[in-house]
Amino acid sequence: EELLGKSDYDFFPAAQADIFWKKDDQVFASGKVNVNDETLKTEDGRLVIISTKKSIVISDDGRKFLIGVIREITSSARRERYQEQITRLLQRLVLGACQEEILKVALQVAEDEIPGSIASIFLLNKKTQRLYQAIPSQLPDEFSRVIDGTPVRHGIGSCGDVAFNLQRV
């Protein structure tokens, strides 16, 4: 009942609704099924991935109707992307890619696990017992400078603590 008499323009920004209507027009004109995946922001600010499938049904009296099905596929799309990235990482390992290339892929996998997160990878210099960023990350430069060279000690930041205790936090 909440949807009756409303259009995409009641739920989405005009630019996005325009795209939806353009795709509807294409389905009407071509008669071909349209399947499309896209990311939307929910009212509470979460990003979700939806898959829409639009097709034409012709009634007995010749009238055309657009039938649309929308499914949220966020978790399955993320799982699929994760599997693709793990495969890419394993391919790099098998093919003997350099450490930097492997760490870049690993960093991307980590960030994709939690959308909107920023990851970094540190390596331990055993001689100095300090952690250094292995590869550049999306961390702000000032923050990176401050944490680069973190001592491996109990209570010295989460990374220093993890390296000291050898336990996940």
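All values reported here derive from a predicted model rather than from experimental measurement.
- In this structure, Trp21 and Asp8 have side chains that are in contact, with non-hydrogen atoms separated by less than 4.5 Å.
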Distance-only donor-acceptor pairs under 3.5 Å for side chains of residues 10-17, two or more places apart:
residue : atom : partner : partner atom : Å
Asp10   : OD2  : Ser7    : N            : 2.8

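- Within the structure, salt bridge (charged side-chain N to carboxylate O under 4.0 Å, His left out) contacts touching residues 72-98 (residues at least two apart or in different chains) are Arg81-Asp112, Arg92-Glu101.
- A donor-acceptor distance shorter than 3.5 angstrom exists from the side chain of Asn125 to the backbone of Lys127, with no hydrogens or angles considered.
- In plain terms, the two heavy atoms of Ala110 and Ala119 that are nearest each other are CB-CB, 4.0 Å.
- Between Glu111 and Gln138 there is a side-chain heavy-atom pair separated by less than 4.5 Å.
- One hydrophobic cluster, built from ILVMFWY side chains closer than 4.5 Å, holds both Val105 and Ile86.
- For the residue pair Ile121 and Ala106, the shortest heavy atom distance occurs at CD1-CB, 4.2 Å.
- Between Leu123 and Tyr132 the shortest side-chain heavy-atom distance does not fall below 4.5 Å.
- Annotation: side chain of Gln133 is in contact with side chain of Ser144 (closest heavy-atom distance under 4.5 Å).
- With rounding to the nearest 0.5 angstrom, the CG atom of Leu90 is 12.0 Å from the CD atom of Gln85.
- Taking every heavy atom of both residues into account, Gly155 and Asp161 meet most closely at N-OD1, 2.9 Å.
- In this structure, Thr150 and Asp148 have side chains that are not in contact, with every pair of non-hydrogen atoms separated by 4.5 Å or more.
- Ala77 and Ile49 make their closest contact through CB-CD1, 3.7 Å (heavy atoms, listed as atom of the first residue, atom of the second, distance).
- Using a 4.5 Å cut-off between side-chain heavy atoms of Ile, Leu, Val, Met, Phe, Trp and Tyr, with links allowed through other members, Ile70 and Leu40 fall into the same hydrophobic cluster.
- Taking 4.5 Å as the limit, some side-chain heavy atom of Ile102 sits within range of a side-chain heavy atom of Leu89.
- The structure places CG of Asn165 at 13.5 Å from CZ of Arg153, a figure rounded to the nearest 0.5 Å.
- No chain of hydrophobic side-chain contacts below 4.5 Å, direct or via other Ile, Leu, Val, Met, Phe, Trp or Tyr residues, connects Phe20 to Leu66.
- For Asp44, the CG atom sits in a packed shell: over 12 heavy atoms of surrounding residues, nucleotides or ligands are nearer than 6.0 Å.
- Residue Val152 shares its hydrophobic cluster (ILVMFWY side chains chained together at separations under 4.5 Å) with Ile118, Phe122, Leu124, Leu131, Leu139, Phe143, Ile147, Phe164.
- Here Leu4 contributes atom CG and Glu1 contributes atom CD; the two are 7.0 Å apart, rounded to the nearest 0.5 Å.
- For Lys54, the NZ atom counts as densely surrounded, since its 6.0 Å shell holds more than 12 non-hydrogen atoms of other residues, nucleotides or ligands.
- Ser55 places no side-chain N or O within donor-acceptor distance of the main-chain N or O of Val33, the cut-off being under 3.5 Å.
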Given side-chain contact (heavy atoms from CB on, under 4.5 Å), test Ile58 with Ile56 step by step and report yes or no. CA-CA 7 Å; Ile58 302 173; Ile56 295 296; 4.1 Å; yes
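- Under the 4.5 Å side-chain heavy-atom criterion for grouping Ile, Leu, Val, Met, Phe, Trp and Tyr, Leu3 is connected to Val48 within one hydrophobic cluster.
- There is no side-chain donor-acceptor pair under 3.5 Å between Asn36 and Thr52.
- Residues Lys23 and Phe28 are not in side-chain contact: their nearest non-hydrogen atoms beyond the backbone lie 4.5 Å or more apart.
- Ile50 is not listed as a side-chain neighbour of Asp37, based on a closest heavy-atom distance of 4.5 Å or more.
- The minimum heavy-atom distance linking Ala134 with Leu103 is given by the pair CB-CD1, 3.6 Å.
- Listed here is the closest heavy atom pair of Thr74 and Leu47: CG2-O, 4.3 Å.
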